[in-house]
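Below is one structure; the comments refer to it alone.
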Amino acid sequence: MDFRLKELRKKKNISQLKLAMDLNMNQNTISRYENLEREADYETLVKFADYFDVSLDYLLGRTEDK
């Protein structure tokens with residue numbers, strides 16, 4: 001899977017801590033998602049997609065269309 005969370009976060013120049021605070025999550029959890037040590041559930045994936053204004057397919061690397 002080509003999970004684009006880290007790429008999207010860096011393009012927006014947002015730290016893991018800022019993203020975690022904005023989404024009411026733990027920074028450690030964000031790190032684990034980015035490093036593919038943990039898989040996000042559907043609700044969390046939707047939060048990420050909404051936050052970065054991209055589709056779930058784009059977030060998951062299934063398309064190049066945001």
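For the pair Arg9 and Phe52, the cation-pi test (distance below 6.0 Å, angle within 45°) is failed.
Here the options are Asp65, Leu8, Thr63, the test is side-chain contact (heavy atoms from CB on, under 4.5 Å), and the partner is Val54; only Leu8 passes.
Pairs of residues two or more places apart, or lying in two chains, that qualify as salt bridge (charged side-chain N to carboxylate O under 4.0 Å, His left out) and include a residue from residues 11-29 are Glu7-Lys11, Lys18-Asp22. For the salt bridge (charged side-chain N to carboxylate O under 4.0 Å, His left out) condition, the pairs that include at least one residue of residues 46-58, sequence neighbours left out, are Asp57-Arg62.
Under the 4.5 Å side-chain heavy-atom criterion for ILVMFWY residues, no single connected hydrophobic cluster contains both Leu17 and Tyr33. Phe48 is not connected to Met21 by any chain of hydrophobic side-chain contacts under 4.5 Å among Ile, Leu, Val, Met, Phe, Trp and Tyr, and they are in different clusters.
Considering only heavy atoms from C-beta on, Leu5 stays 4.5 Å or farther from Tyr51 through its side chain.
Under the 3.5 Å distance criterion, the side-chain polar atoms of Arg4 are left unmatched by any main-chain donor or acceptor of Leu60.
The environment of Glu37 atom CD is dense: over 12 non-hydrogen atoms of other residues, nucleotides or ligands sit within 6.0 angstrom.
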Name each donor-acceptor pair under 3.5 Å that joins a side chain in residues 24-31 to protein atoms two or more places apart or in another chain, with its distance.
from  : atom 1 : to    : atom 2 : distance (Å)
Asn26 : OD1    : Asn28 : N      : 2.6
Gln27 : NE2    : Gln16 : OE1    : 2.4
Ser31 : OG     : Asn35 : ND2    : 3.3

